[in-house]
Each structure stands twice: as structure tokens, then as C-alpha cells.
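Below is one structure, written out as C-alpha cells; the observations come after it.
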Amino acid sequence: MAAIFALIQHKNGKADDTVAELCMAARKIDASAAVTAIVMGKASDCDAVAAEAAKYYASVWKVASDAVAYPNAEVLRPMLVKLIPAGSIVLAAFNPFGMDLCPGLSVKMNAAYCADVVGIEAVDGGKLIVNRQEYAGQVYAKMSVDLSGGAVLTVRPGVFAAEDVPQVSGAVADKTADAGAAPSAKRRFLKVVEAEVGDVDITKSDVLVSVGRGIESQENLEIAFELAKTMGADVSCSRPIVDAKWLEKSRQVGTSGQTVKPKVYMAMGISGAFQHLGGLKGNPFIVAVNKNAKAPIFQVAEVGIVGDILEIMPILTEKIAEMKG
Amino acid sequence: MEILVCVKRVPDTAENEIAVGKDGTDIVRDDLVYSVNEWDNYAVEEAIQIRDKVGGSVTVVSVGDDDAEEIVRREMAMGADTGVIMKDAAFEGSDGLGTAKILAKCVSMGKYDLVLTGAMADDGAGQVGGMLAALLDWPYASVVNKVEAGSGKLTVGREIEGGNQEMNEIDLPCVLSIQTGINEPRYVGIRGIRKVASVEIPCHGKDACGLDASAVGAAGAKVKRLAYFVPALGAGAEMIEGSAEEQADKLIELLKAKGGIK
């Protein structure tokens, strides 16, 4: 069985939640595998994150250099190709960094690539059988990944339960010299522009009326705002509403938007893509209304109505207003 | 700037309920509404806007069958200058790498400064752009939500977590995968479609671009889809039935109990 490597992402000297999730995924591929975590960053970050990773991984490789202080995939990729033995299985999170780094990494390692893995079934005759989703999460696909030349897998964050990972006290090895000097990249990181703060801070809202594609037009947003006003709630939304410029980005719930923790979340015409659900924390009471009975949102909602939000929302507004007198 | 945009014809998930076919090898394709992949539409719009600012041309390419012509034509109606289709029986069943290899050949048949793809498509993998860049040895930036053209280079913004944006400088030639929301794709009217209805769209097969059949298609795929399935799901939501009035009444009771009405 091939050696398994996990690429650890970190920020401000703290490992990302996926540090334990990738370890869990590796154990699902092969419970007895030698799994190595790779931590790259400036020296101070590297030491802290490597120590954290060593709680889960028997072996941790650190690459400490100011040249990799910010994770620029174009700089890290050639170093990883140098560092990781051919034929290995490499795991990373399916997020903006994993998406940036991994497709190209698989090409440069001559390895197979499978993105956004949500389930790991078995290794069967040199093939790894994994599950992923297609068509906006409406169906699953069982994939066979040829391991003969190694494989790079990106794993969906939050899927592999981190709490079940047994704690170890791993050894940290300094591999800075083995990774070679950071190459002069044709893409240079400049800066991070922080998200703009909007007029409403949805991260502080207890009740959210959240609208998605089902709202159909900008004019119809008024219907959601009326319902929210009657309920004493705020209006948030999913990505397509921001893409269409109907609402400001600060109202977007999701991994690329805000992380919210309301008590009640009204998902109105939202299909429930995992990127959207990734921004929903604190186990809220989720109400879903959607025309599509197969929408993934119904799998996570407490109560659901298959129907048209443009019909249901005005009735709710009217009845709640009546009730309040 | 000479720009190539890679586009794909996909079932529109906003318009369709996707079901698994009887033997599990495919989804049910009868009555599906197809369109150009939403991300690709933003990529084409971005390419047109760059061209209109700095000059050059926009070519749209799709790896596909005869049906691909319809979406290539649609993107030409948006304002792309030329279209090309990469089509061969040997291309069928390609995995992401196979598709990237075919597109790499298409790139080498022209003289492009910039290649755009959508950040992802119907399979949600977001892989072809990054693979294409690696095959070409060009720099790559994914999930791009801002592009500013400079001399010999671009300034690009990448969408990262929490609504933040990572700014980079990237040398040309390069490959970018474009995120939705970067622009507002223009509307294509029937008149626009009519204008390009008779424009010749060349097709290239494996021989024209010098691809070995064993490197692409099902034969070259390291990753294969064995089956589609719908997992045994949990109980999911408690569904409220009845008329809209009845549904609203029940929902309000629940919302009151859960503190959803203040």
C-alpha cells in the first residue's frame, strides 16, 4: 500500500479543522498506513502547526521558510513534487487552496486526481473506490481511482468526523532542505482584501430569512424583506443572489461568504449546496421551502415544504401579522 | 490579447431534477434542459470585456459531440469571435485529465495569451483548468473573481474563505478558472443567435491535433465513474403537507415554538 500524505492548511499559527479530518480520511483508505502530515509556512507558524498535527499524525514533515509564509499554490507545488515520493496518495481539503494546488499537483506527479471526495469505500485491486457528488449534490457517483501511479484526492471539509481520530504523539522532521529553495513563481501573491462590512451583520442575527434562486427576480426580494420584518428577522441569501448583484455580498451565507449561527434559519428557495451549508453553524432549526423535492436542503432541514416561496412567503407574512395584531 | 475560453454543455441543475437511471450508469437524460455551464458563461463575458478593453480576439472551445455546437454558437452570439469543437469517438469517456490533454492540444494549435475556464461544471470537480495549466507549464489561478489586464501580466483576485479576496500578479500566458459573479453576462437575444447561425465552426479530432487515442477517452482514464447512486438518506426534513394555507399555519406554530417569531 502506498504511503499517504496529508497537506495541512493553517492560518495565524493554527491548523485548519481539516487537520484531523484528513487523518480520518487517510485511516479510511488504509487503517494501518504510515500517514505523514506536511506543514509548510514561516518558521514560527510551522512549529506551532506541526506540534498540533503531531497530535494526529505519527509523522509530521515541516518546511519552514519565509518564502512560503503565504500559501501560494504556484510556489508550493514544485516543492511538494520534490518532497513527496512518486506513487504516494496525497490528501488535501477541497477549498480555494486545494482547488488551486491539487489538479496541477496530480499532473506533475503523474498521479490520478479525484476532487471533492465525500466518502471512501475500499481499496480494491489497486483501485481506490470513493464517492463524490455531481449535479449540485442531487446525485452521488461511485468513482474508481487508479492507484498505480499514486493519487491526489481533495476531501470535502466537514465530512470526515474529526472527533473519532485517536490522538498520538508524532515525530516532527524538518524537511526544509529536501523541498529545495522556493522557486520564483510566475504568480506572485500581493495581499488579501478583507470582505466589506454591510449595513446588516447577519452573523449576529437570531432569525434569518434566507433567499436563493427561488426568489426569481430582484423585485420579489421585497416579499422576503416583508416576511423578515414581520418575524423580526434579517434577510440573508445564497450565492446566486449576490452573483446577480441583487443583494450585497455581506448578506451571503456560505464558505465564500459569512458564517452565521442563528437559532432559526428559513431557507427560502435555496437548494442547499455544501458551500452554502458550510456557512451555517450552531445547529439552527432549519425550515426549507423549495420547488424541487430532491433539493439537498431537505436532507438537513428540520421541516420542509415542497412549494413556491413566492406563494408561501406572503401567506406567512399575512398570518404572522394577523397573529401579532 | 488572444483569449481561449473552454466551455461545456451541461444539464441545467436549476431547471432539472436529476435522477439516476435504471442501471445506474447514467442519469435520466430524457427531457433534461441543457445549457452552457453557468461558470463558463461568466468566463466568456470576462474574455469579451478584456478583448474590448485591450484588443485581440476571443475563441470559444468545447470538447463534446454534435450537441456542443449549440452552446458554442450561443457564446459566439455573446460576442466571441470564433468557435471550435474538439470532437472524436476516442475522446468519449475522458476523465478530467483526458479533457485537459485535449484542450492543451487545442491551445497549441493556436497562439493564445490567456485561457479561461469556468471554476467548475456539472461534476463540481473544478479540475480541468489546473490540469491544463500544468500540462502547458503555464501559471494558474483558480476561482478568480477579478481580472485587470496589464503589460505581459494580469492582476487577478481569487475568492477565498469568508468573502475575502486574494490578490495576485500573474504572468502571461496563463490559465484562470473564473468564478460566478465576476461580471454580469450579457443577454443573448434571438437576433444575436441568428447572426452567427451560419458561421462555420471547425471540428478537430485526435488526428488533427496529434493525440494518441490511448492517452484520452475511457482508455486513458485513471479515474472512472462506476455508477451513479442516491444514498440511503436519513429521515431528512419532516415534510409539511396540505394546502399553502394549512402549510403556513403549521409552520407558524413550529416557528413560534422555536423562537422564530419575535
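Chain letters run A, B, ... following the sequence lines, proteins first, then strands; residues in each count from 1.
Only the side chain of A:Phe285 comes within contact range of chain B, with at least one heavy atom under 4.5 Å from a heavy atom of that chain. Looking at A:Ser271, there are no atoms closer than 4.5 Å to chain B (heavy atoms on both sides), in backbone or side chain. With a threshold of 4.5 angstrom between heavy atoms, A:Gln133 approaches chain B through N, CA, C or O but not through any side-chain atom. In this structure, the portion of A:Val287 lying under 4.5 Å from any heavy atom of chain B is its side chain and not its backbone. With a threshold of 4.5 angstrom between heavy atoms, A:Ile129 approaches chain B through side-chain atoms but not through N, CA, C or O. Neither the backbone nor the side chain of B:Lys250 comes within contact range of chain A, judged by heavy atoms closer than 4.5 Å. Contacts between A:Ile305 and chain B at a heavy-atom distance below 4.5 Å involve backbone atoms as well as side-chain atoms. With a 4.5 Å cut-off on non-hydrogen atoms, A:Glu311 touches chain B through its side chain but not through its backbone. Contacts between A:Ala273 and chain B at a heavy-atom distance below 4.5 Å are absent for every atom of the residue. A:Lys127 does not touch chain B: none of its heavy atoms, backbone or side chain, sits under 4.5 Å away. The contact between B:Ile261 and chain A is made by backbone and side chain atoms together, counting heavy-atom distances below 4.5 Å. Residue contact with chain B, scored on non-hydrogen atoms closer than 4.5 Å, involves the side chain of A:Ser106 exclusively. A:Lys191 touches chain B through backbone and side chain together, each having a heavy atom under 4.5 Å away.
Minimum interatomic distance between B:Gly162 and A:Ala195 (heavy atoms only, all atoms of both residues): O-CB, 3.6 Å.
For the pair B:Leu255/A:Met266, a side-chain contact is recorded, criterion being any heavy-atom separation below 4.5 Å from C-beta on.
Residues passing the ring-ring contact (aromatic ring centres under 6.0 Å, His included) test with A:Tyr70 are A:Phe189, sequence neighbours excluded.
A salt bridge links B:Asp171 to A:Arg188: one of the charged nitrogens lies within less than 4.0 Å of a carboxylate oxygen. A salt bridge between A:Arg213 and B:Glu38 is present, with a side-chain N of the basic residue lying under 4.0 Å from a carboxylate O of the acidic one. Here B:Arg225 pairs with A:Glu134 in a salt bridge; the nearest charged N to carboxylate O distance falls below 4.0 Å.
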